[in-house]
Amino acid sequence: MNTTIREWLAMESACDAVVVQGWVRTRRDSKAFSFLELNDGSCLRNLQCVVDAGVPGYDRIAECTTGAAVRVEGRLVASPGGAQKWEVRATALELVGGADETFPLQKKGHTPEFLRTVAHLRPRTNLYGSIFRVRSRLSYAVHRFFQERGFFHVHTPILTASDCEGAGEMFRVTTLPAGEDDFAKDFFARQAFLTVSGQLEGETFATALGRIYTFGPTFRAENSNTTRHAAEFWMIEPEMAFCDLAGDMETAEAQVKYLARAMLEESPEELEFLNKFVDKGLRERLEFVAGRPFERLPYAEAVDILQRSGRTFEYPVEYGQNLQSEHERWLTEEHCRCPVTVFDYPKEIKPFYMRLNDDGRTVAAMDLLVPGIGEIVGGSQREERLDVLRANMARHHLSEESYWWYVDLRRYGSVPHAGYGLGFERLLMLVTGVSNIRDVIPFARTPGHCEF
RNA sequence: UCCUGAGUAGCUCAGCGGCAGAGCGGGUGGCUGUUAACCACUAGGUCGUAGGUUCGAACCCUACCUCAGGAGCCA
């Protein structure tokens with residue numbers, strides 16, 4: 001494999017024989033030579049190549065325009081210019097793949113809205129290149145966090161017949177011809193869907209391997225048009241046997257802190273760039289998130305605080321109702337001024353699998369709210385008592401037969417256990433400062449959008 | 001899905017009832033160890049679509065389409 005620009009730029013000393021392959025970001029011509037700035041995606045920075053007019057291949061310099069792919073051979077030398085440590089003195093230039101004047105990415109800044117229309121090219125920009133390098137490193141950090149703590153990665157199915165109730169509308173998967181709905185003749189001989197959560201399957205493995213997590217694509221057919229919803233997104237779902245709500249909240253908080261720290265330590269160049277051009281408060285916020293304990297509030301107390309806040313909200317705060325976005329934002333952005341975990345919600349507004357608390361009115365649920373984004377984690381201790389679970393299912397009008405294997409977990413060696421879902425894209429929004437979910441996923445799927 | 005706003009050159013926008021504009025990008029020429037290079041010249045438009053009002057519409061009205069932001073749902 002070729003040496004990357006990231007590697008060349010990290011060299012300790014000059015080098016006589018280098019080969020650089022990348023895409024031209026900008027070219028500046030002189031009479032007798034040209035400056036070519038190349039980027040190969042390995043890092044944010046470009047490598048400046050100086051190509052003298054006599055160098056083999058210089059006859060095609062006019063075609064080495066922004067976006068063109070080129071290969072440069074030469075010597076790595078200290079750069080006399082102030083802006084960079086190293087540059088390449090070219091001894092040969094090869095145009096690998098040209099890019100004519102219709103190439104959409106100009107040298108100037110573009111809006112995210114325009115770049116979404118050229119999603120196949122946008123990773124070649126500084127912003128999206130940064131975002132997707134960060135995405136990769138954070139994905140790795142997610143696995144590291146769990147693996148360091150004895151969690152096993154479980155690949156839960158993407159095609160599923162089970163509905164993780166409360167998670168949202170599902171995409172149906174079928175091989176039946178249009179218009180037919182005899183599910184007995186369908187591929188799986190029953191209705192099948194794309195998963196909205198690996199939780200139910202995850203619980204089966206938690207009660208076998210102890211600590212597990214899933215990290216994969218998740219699908220919601222909601223007609224949501226917001227900056228923080230996508231129809232296809234990646235969710236991290238740990239599930240822990242012998243764990244209660246307190247342990248659940250501790251793990252979620254530790255994980256968000258771990259990932260904020262990972263961003264600070266492992267993507268310094270991208271962080272600097274994002275802090276400068278996307279969100280000037282980013283670094284400060286990440287230090288804060290990584291360094292200080294989060295706030296924890298029982299739902300009832302949160303409602304009380306909101307009611308006494310003196311603020312007039314568009315929607316009134318009422319015990320027994322879901323907290324509105326404006327309420328969550330006020331709590332995390334203005335009252336606590338830090339991430340806050342709200343727990344012990346009224347049972348009426350939460351799904352059947354959440355564990356009933358001793359008060360008989362609330363369930364051991366928790367939502368982790370962060371400034372600017374809102375809910376980033378949703379989780380709970382699961383109901384492990386067979387009779388209580390069955391009563392919950394009856395109350396939610398769910399048939400026990402269709403969840404028979406889930407109920408079985410409460411028949412055989414049932415244990416207290418808990419877990420949560422962490423939205424990977426929302427986490428990326430938090431650590432990059434990017435305010436729209438469509439800009440932190442390579443190819444966003446939202447209502448009406450499935451191009452690319 | 002609901003509410004609000006916006007659609008004018010490749011991109012970002014100005015023009016808000018009387019000849020279609022700028023910056024950037026593109027092309028051509030010049031200049032310079034340059035670095036969002038610089039200077040000059042130049043090409044580039046069905047003003048989102050369809051209707052309406054008016055002597056006259058990019059501009060006012062209606063509908064639709066698209067995009068964005070907010071809401072709901074949630075991760």
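No hydrogens, no waters, no symmetry mates; every other heavy atom, side chains included, goes into these values. In what follows, chains carry the letters A, B, and so on, assigned in the order in which the sequence lines appear, proteins first and then strands, with residues in each chain numbered from 1.
Counting non-hydrogen atoms under 4.0 angstrom, A:T227 reaches the backbone sugars and phosphates but no base.
B:U1 is paired with B:A71 under the criterion used here, namely a Watson-Crick or G-U wobble arrangement in which both key atom distances are under 3.5 Å. B:A50 is paired with B:U62 under the criterion used here, namely a Watson-Crick or G-U wobble arrangement in which both key atom distances are under 3.5 Å. As the counterpart of B:A40, B:U28 is assigned, both hydrogen-bonding distances of the Watson-Crick or G-U wobble pattern falling under 3.5 Å. Pairing of B:G33, defined by two Watson-Crick or G-U wobble distances under 3.5 Å, is not identified with any nucleotide. For B:G17, there is no paired base (Watson-Crick or G-U wobble, both distances below 3.5 Å). The partner of B:C11 is B:G23, by the rule that a Watson-Crick or G-U pair needs both atom distances under 3.5 Å.
Classification of the A:F33-A:F35 ring pair by plane angle, with boundaries at 30° and 60°, yields perpendicular. Using bins of under 30°, 30° to 60° and over 60° for the plane-to-plane angle, the ring pair A:H120/A:F452 lands in the parallel bin.
At least one side-chain nitrogen or oxygen of A:R438 sits closer than 4.0 Å to the OP1 or OP2 atom of B:G69. Between A:T66 and the phosphate of B:G25, there is no side-chain N or O to OP1/OP2 separation shorter than 4.0 Å. Contact between the side-chain N/O atoms of A:N436 and the OP1/OP2 oxygens of B:G69 is found at a separation under 4.0 Å. Put simply, A:H449 has a side-chain N or O that comes within less than 4.0 Å of OP1 or OP2 on B:C67. For A:T218, no side-chain nitrogen or oxygen approaches OP1 or OP2 of B:A75 to under 4.0 Å. OP1 or OP2 of B:A36 has not a single side-chain nitrogen or oxygen of A:R25 nearer than 4.0 Å. Distances shorter than 4.0 Å separate some side-chain N or O of A:R329 from OP1 or OP2 on B:A71.
Ring to ring, A:F215 and A:H143 are close: their centroids are under 6.0 angstrom apart. Here the two rings, on A:Y403 and A:F352, have centers that are under 6.0 Å apart. A centroid separation of less than 6.0 Å is found between the aromatic rings of A:Y319 and A:Y299.
Following rounding to the nearest Å, A:K31 (NZ) and B:G30 (P) show an atom-to-atom distance of 7 Å. Straight-line distance from the CD atom of A:E237 to the C1' atom of B:C74: 13 Å, rounded to whole Å. Taking atom CG of A:L115 as the reference point, atom C1' of B:C11 lies 10 Å away to the nearest angstrom. Protein atom CD of A:E375 is 12 Å distant from nucleotide atom P of B:G72, rounded to whole Å. The distance between atom NE2 of A:H110 and atom C1' of B:G23, rounded to the nearest whole Å, is 14 Å. Straight-line distance from the CD1 atom of A:I349 to the P atom of B:G72: 14 Å, rounded to whole Å. Summarising the geometry, the separation between CZ on A:R220 and P on B:A75 is reported as 5 Å, rounded to the nearest angstrom.
For A:H229, the side-chain atoms get nearest to B:C73 when compared with the rest of B:C73, B:G72, B:U35. If you check B:U34, B:C31, B:A68 against the side chain of A:E113, the one that comes closest is B:A68. Of the candidate nucleotides B:A75, B:U34, B:A71, B:A75 has the atom nearest to the side chain of A:R426. Checking B:U35, B:C73, B:G72 against every side-chain atom of A:T226, the shortest atom distance belongs to B:G72. In the set B:G72, B:A75, B:C74, the nucleotide with an atom closest to the side chain of A:M235 is B:A75. Proximity note for A:R116 (side chain, C-beta onward) versus B:U34, B:A68, B:C73: the nearest is B:A68.
Using a 5.5 Å limit on the distance between ring centres and a 30° limit on the angle between planes, the aromatic ring of A:F233 counts as stacked on the six-membered base ring of B:A75.
With hydrogens and angles left out, the side-chain atoms of A:Y258 and A:E148 include a donor and acceptor closer than 3.5 Å. A:D40 and A:T4 share no donor-acceptor pair across their side chains, judged by distance under 3.5 Å alone.
Separation of the P atoms belonging to B:G70 and B:A37 is 33 Å when rounded to the nearest angstrom. Comparing the same atom, P, in B:G17 and in B:C60 gives a spacing of 8 Å after rounding to whole Å. If you take atom C1' in B:U12 and the same atom in B:G51, they sit 31 Å apart, rounded to whole Å. One C1' atom belongs to B:C19, the other to B:A40, and the distance between them is 27 Å to the nearest Å. If you take atom C1' in B:U54 and the same atom in B:C61, they sit 12 Å apart, rounded to whole Å. Comparing B:A9 with B:G44, their C1' atoms are spaced 6 Å from each other, to the whole Å. A gap of 16 Å separates the C1' atoms of B:A50 and B:A58, to the nearest Å. Taking atom C1' in both B:G52 and B:G45, one finds a spacing of 24 Å when rounded to whole Å.
Remark: A:R71 engages A:E73, A:E94 in a salt bridge (Lys or Arg N to Asp or Glu O under 4.0 Å) (not counting sequence neighbours).
Counting all heavy atoms, side chain and backbone alike, A:Q307 lies closest to A:E318 at NE2-CA, 4.1 Å.
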Detail all sub-3.5 Å separations between protein N/O atoms and N/O atoms belonging to nucleotides 37-44 of chain B.
{"residue": "B:A37", "atom": "OP2", "partner": "A:R28", "partner atom": "NH1", "Å": "3.2"}

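Two residues, A:Q106 and A:P80, neighbour RNA chain B, and the one matched to the more 5' nucleotide by heavy-atom proximity is A:Q106.
A:R283 has no carboxylate O lying under 4.0 Å from a charged side-chain N of A:E272, or vice versa, which leaves the two without a salt bridge.
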